[in-house]
Protein chains: 2
Amino acid sequence: MPDKSSKREKAQQELPAASRRLQMADIARMAGVSVSTVSRALAGSQLINEQTRQRIADLARSLNYSINAGAQSLRTRQNRTVAVVVPLDSATRQHVSDPFFLSMVGSLADALTERGYDMLLSRVDAEHLDAVSRLYDTGRAVGIIMIGQWLHHDQLNAMALRRLPVVVWGAQLPQQLYCTVGGDNVLGGALATAHLLERGRRRIAFFGDARFPEVAQRLEGFLLAHQRAGLTVPEQLKLSVAFAEDSARAALKHLLDAQIAFDAVFACSDLLAMTVINGLRAVGKRVPDDVAVTGYDDIELARYFHPELSTVRQPVVDAGRALVDQLLKIVAGETPESVMLPTELVVRATS
Amino acid sequence: MPDKSSKREKAQQELPAASRRLQMADIARMAGVSVSTVSRALAGSQLINEQTRQRIADLARSLNYSINAGAQSLRTRQNRTVAVVVPLDSATRQHVSDPFFLSMVGSLADALTERGYDMLLSRVDAEHLDAVSRLYDTGRAVGIIMIGQWLHHDQLNAMALRRLPVVVWGAQLPQQLYCTVGGDNVLGGALATAHLLERGRRRIAFFGDARFPEVAQRLEGFLLAHQRAGLTVPEQLKLSVAFAEDSARAALKHLLDAQIAFDAVFACSDLLAMTVINGLRAVGKRVPDDVAVTGYDDIELARYFHPELSTVRQPVVDAGRALVDQLLKIVAGETPESVMLPTELVVRATS
DNA sequence: ATACGACTTGCAATCGATTGCAATATGATC
DNA sequence: GATCATATTGCAATCGATTGCAAGTCGTAT
């Protein structure tokens, strides 16, 4: 090759070949063919002679060569990466470490792996949720799965309007432009409540922060079950409790201090339920004899708890699959419906 | 522009501009400057007139434009993504769902976010661990963090030989070519054991699978503590227990059925410990009165357990930071030492 | 009026792959 | 032996950005 080379990009040439990342041109040179042929061979094109193809494939494998993802996706305009976003609460500066969300991440990782997708995991400040779109705008991911809609209904709608491929784990809301996958929270709330009522409990305290859509729906189910039983719920028993340990402890303390009678607690997460049970135990109340408690989520450790926790199961594995399925549909240009997954009550020992 | 255009790539032009992903050329056209200028403006180059820069930046922001990551990393040969790998056990076809690993993922996500890196999360079949290198070979990630070395010491060494930037959460081993970050397992094992001995326990059962390097070291500490106290451990009390619930249950059943006396259990994970405690309770043994139990990891739920679990804390947050730090050093061309993080005993109610 | 330097901006090559079309080799057909 | 269809392979443009160098503008000193 004559002096067509410029002195522009110099670093490359001077490095010892060994320490450079292998690229298609290297394979081509070693195989004595052109880059096009290597590209086609590795893509399994019919155009390439079977022997050549095999030879190139073997060579590439033996050298541990793999195609540069950036270059490939640049040229083909596609990639196989999905962004999963776990919003973190900047207000409390605390990381969303609820085991339920973590297990959802695990389930998503599996579902994506099954389908040959990679997962880009981001924690994003819930206040700057729009930063999420960057993951898509930069072409890093073909779509976004958000775990938890929290208080961000409007922002999510805005994102959907911008035509961002996004699916959200959460509740279905009226006026919702984005696709959600979630459990049947009304049913879940109703099931747990009806169960407690059936057990003869009449003063069931609700522990949850109804600003969150999912919790609001569970509250709705809670009230519905009472209504069906011809009962009304005193305001005192509807406690606004954040998904945080001290919040649950404070609420329990409030009930006890104010001497508000209650014989059951419907907690909106298993962690809340466990905190409540431990708090009750600390003041000498027995579970479920004095107070029955149900949780929500059915995290793995609910079975390990003592007494084993009665709870409403969220189908994490199905959820992971469904979230991925719906997202891929959106990516494929469809506009899939939101999905509501079946929810079931798991009665164990705390109720 | 004259007829220099070919009919090759046609899709692009015909699409309504709205549905196409915005690119630098669009911004350039709208701002009435060249692509180079936009590139420099967005990169904050001093070469660009401040007003122009501001104008372009505003335009880009208002249009929600962000630079295509693939093209950028192709050109600059760098990117800000780290792959985190959670091996999954293909033998049992079971997903590694231990809360400890999940919380490590969370901690890594935080540590990476702090440093402006994205996290690519993969679950990889432990049998085909070499697939991991693909994440690097394809240029998708600048380096790899493996959570758990399991039984793959040799494969990890091989990867290090291939000069893959990789850091592993696990134990330091002799002849180790890769960088690890881990707790002081020998110390951890010794601390818990010494504590149980101090409490007057003399027949402590060890629950763990010593094929795993970390567990082997905990066993070493376990034996060391006995030795220091002038005691020896009967073989019967060293039980090989996998990180799985049924395995723990079976081991406990074996102890009881064979009427092997024991007054304490040192379990190599909190999940194991909880399983043991529940099993003991099922047969009417009291914890810690009849049998004291300590776990390992100090997962968040250890505090929620009843009785609250005594355990050896693994510093998950520091671990995340350290793993990231070491990896970035490797990426920067250094060859950092392995890190051993401090380990402490947390005495709660089960011992 | 000319020249020179300081600022700004644009041109065009480049990153590592993919792919339409042209080019070549091979064998079959007449 | 010339022609043509078929099977393989290579050339060169392209994806969306970055960046060295050239070129342009403007003010001012000569």
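The analysis underlying the following values was restricted to heavy atoms, covering all of them including side chains, and did not include hydrogens, waters or symmetry mates. Predicted model only: the values in this text are computed from it and were never measured.
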Proximity to the side chain of A/R77 - top-ranked nucleotide from D/dC15, C/dT14, D/dC21: D/dC15
Donor-acceptor pair under 3.5 Å, B/S36 side chain vs C/dC11 base: yes
side-chain N/O B/Y65 vs D/dG16 OP1/OP2, d < 4.0 Å: no
Listed nucleotide nearest any side-chain atom of B/Q23, set C/dT18, C/dG10, D/dG16: D/dG16
Out of D/dG10, D/dA17, C/dA17, whichever nucleotide has its closest atom nearest the side chain of A/I67: C/dA17
Pair B/S73-B/Q78, side-chain donor/acceptor within less than 3.5 Å: no
Length of the CE-P vector between A/M24 and D/dC15, whole Å: 19 Å
Short side-chain N/O contact to D/dT9 OP1/OP2 from A/S34, under 4.0 Å: no
Carboxylate-amine/guanidinium contact A/R115 A/D325, below 4.0 Å: yes
Closest listed nucleotide, where the reference is the side chain of B/N68 and the choices are C/dG10, D/dA17, C/dT19: D/dA17
Spacing of A/Q78 atom CD relative to C/dT19 atom C1', expressed in whole Å: 13 Å
A/R140 CZ - D/dG16 C1' separation (whole Å): 14 Å
hbond_proxy A/S73 side chain to D/dC15 base (donor-acceptor, 3.5 Å cutoff): no
Nucleotide D/dG16, atom C1' - distance to CD1 of B/I27 in whole Å: 13 Å
Test: B/R140 and A/D118 ion pair at under 4.0 Å: yes
Residues A/R134 and A/D137 bridged, charged N to O under 4.0 Å: no
Salt-bridge criterion met for A/R123 and B/D110 (N-O under 4.0 Å): yes
Main-chain N/O of B/E50 paired with B/R55 side-chain donor or acceptor, under 3.5 Å: no
Interatomic distance where CZ belongs to A/R75 and P belongs to C/dT18 [whole Å]: 9 Å
Interatomic distance where CG belongs to B/L22 and P belongs to D/dC15 [whole Å]: 16 Å
Residues touching DNA chain C, which here means a heavy atom under 4.0 Å, drawn from residues 42-58 of chain B: B/L47, B/I48, B/N49, B/T52
Nucleotide of D/dA17, C/dT18, D/dT18 approaching B/T76 most closely (side-chain heavy atoms): D/dT18
Distance under 6.0 Å and angle within 45° of ring axis: A/R21 vs B/Y136: yes
Spacing between A/N79 atom CG and D/dC15 atom C1', to the nearest angstrom: 14 Å
side-chain N/O A/Q72 vs C/dT18 OP1/OP2, d < 4.0 Å: yes
Residue A/R40, side-chain atoms from C-beta onward, closest of D/dT18, C/dC11, C/dC21: C/dC21
B/Q54 atom CD: more than 12 heavy-atom contacts under 6.0 Å: yes
